[in-house]
Amino acid sequence: MTSVTSIASTISAAFLGSLVEVVEAFTIILAVGVTQSWKPAFIGTGAALVVLGLLTITLGPLLGLIPIEALQFAIGTLLILFGLRWLRKAILRASGYIALHDEEKAFAKESESLRRHSADQRANLLAGIAAFKAVLLEGIEVVFIVIATGAGQGMMGYASIGAAAACILVLIVGLFVHKPLSSVPENSLKFVVGLLLSAFGIFWTGEGIGARWPGADLSLIPIFAALAAFSSLAVKGLRQHRFADEGAVR
């Protein structure tokens, strides 16, 4: 069944999830281009995109051979695991237990690593490999997000639109400002994406085992709200626990 809620949630989840991954990949590409040369940055990026394209072309037809209920259950389970991993890290970051991700620091770290190898005869090769690895690793996650958010309801096209929009947005903004996109609230995005993916996972796992959700696709909203409420309580509780520990140490 395809409804406005289902389409909007699919595009939003694919867009936000892909945005996080594309920002991280763009940071490495920018570091390679600015520190070493744009040629290896573009070559490494292009090679990774070819590999990702082949991966997508290969996986796409295979999904059509799997019964929809089994596909929903398998993808739903993976989404729950994937989403909860993001959500766990987002909760720990929000509560102060682990450091917030900083694209400026990531850019500086990658740039410093490239500068150390700038005198090496293989400098361009190493720079190209760095760009290739960044795009491939983050791209695989984008492919997974597109498949996971779109395949369960037969909306791969809508999920692809969301992912493509994220890529285009980061490319345009990144080329315009020509610096790491540190202003993007990445940690907040990861929190929201973790909630979205977990909600999708619960919904599709239920459908995969034959559950009939009240309100059909609209049930995604209360599932998301319940996860958000639980996560907020977890952040609040962990903050109080951390402050209590810090007070005891003093």
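Count residues from 1 along the sequence.
Under the 4.5 Å side-chain criterion, counting only non-hydrogen atoms from C-beta, E138 is not in contact with F26. Side-chain contact between I202 and W213: present, with at least one pair of heavy atoms (C-beta onward) separated by less than 4.5 Å.
When all heavy atoms of A14 and A159 are compared, the pair lying nearest together is CB-O, 3.2 Å. Considering all non-hydrogen atoms of both residues, A166 and S18 come closest at CB-CB, 3.9 Å. V192 and F224 make their closest contact through O-CE1, 4.1 Å (heavy atoms, listed as atom of the first residue, atom of the second, distance). Closest approach of L220 and A199 over heavy atoms only: CD2-O, 3.8 Å. In plain terms, the two heavy atoms of L84 and S198 that are nearest each other are N-OG, 3.4 Å. Residue A134 comes nearest to A25 through the heavy atom pair O-CB, 4.0 Å, listed as atom of the first residue, atom of the second, then distance.
Here the CG atom belonging to L49 is positioned 11.5 Å from the CZ atom belonging to F42, to the nearest 0.5 angstrom. Here the CD1-OG1 distance, from I209 to T205, works out to 7.5 Å after rounding to the nearest 0.5 Å. Interatomic distance, I7 CD1 to S12 OG, rounded to the nearest 0.5 Å: 11.5 Å. With rounding to the nearest 0.5 Å, the separation of CG in L81 from CG in L197 is 11.5 Å. The CG atom of L125 lies 4.0 Å from the CD1 atom of I129; values are rounded to the nearest 0.5 Å.
By the neighbour-count criterion of 12 heavy atoms within 6.0 Å, atom CZ of R85 is densely surrounded, having more than that number from other residues, nucleotides or ligands.
Hydrophobic clustering of Ile, Leu, Val, Met, Phe, Trp and Tyr side chains at less than 4.5 Å, counting indirect connections, unites F15 with I140. In this structure, L78 is a member of the same hydrophobic cluster as L87, with clusters built from ILVMFWY side-chain heavy atoms closer than 4.5 Å.
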ask   = Hey, mind stepping through W86 and L195 against side-chain contact (heavy atoms from CB on, under 4.5 Å) and telling me if it holds?
value = CA-CA 8 Å; W86 276 35; L195 291 171; over 6 Å; no
request  = In sequence, state the C-alpha distance, the side-chain angles, and the governing distance for F191 and V235, and then conclude on side-chain contact (heavy atoms from CB on, under 4.5 Å).
outcome  = CA-CA 11 Å; F191 209 122; V235 170; 4.0 Å; yes
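A donor-acceptor pair under 3.5 Å is formed between the side chain of S95 and the backbone N or O of L92.
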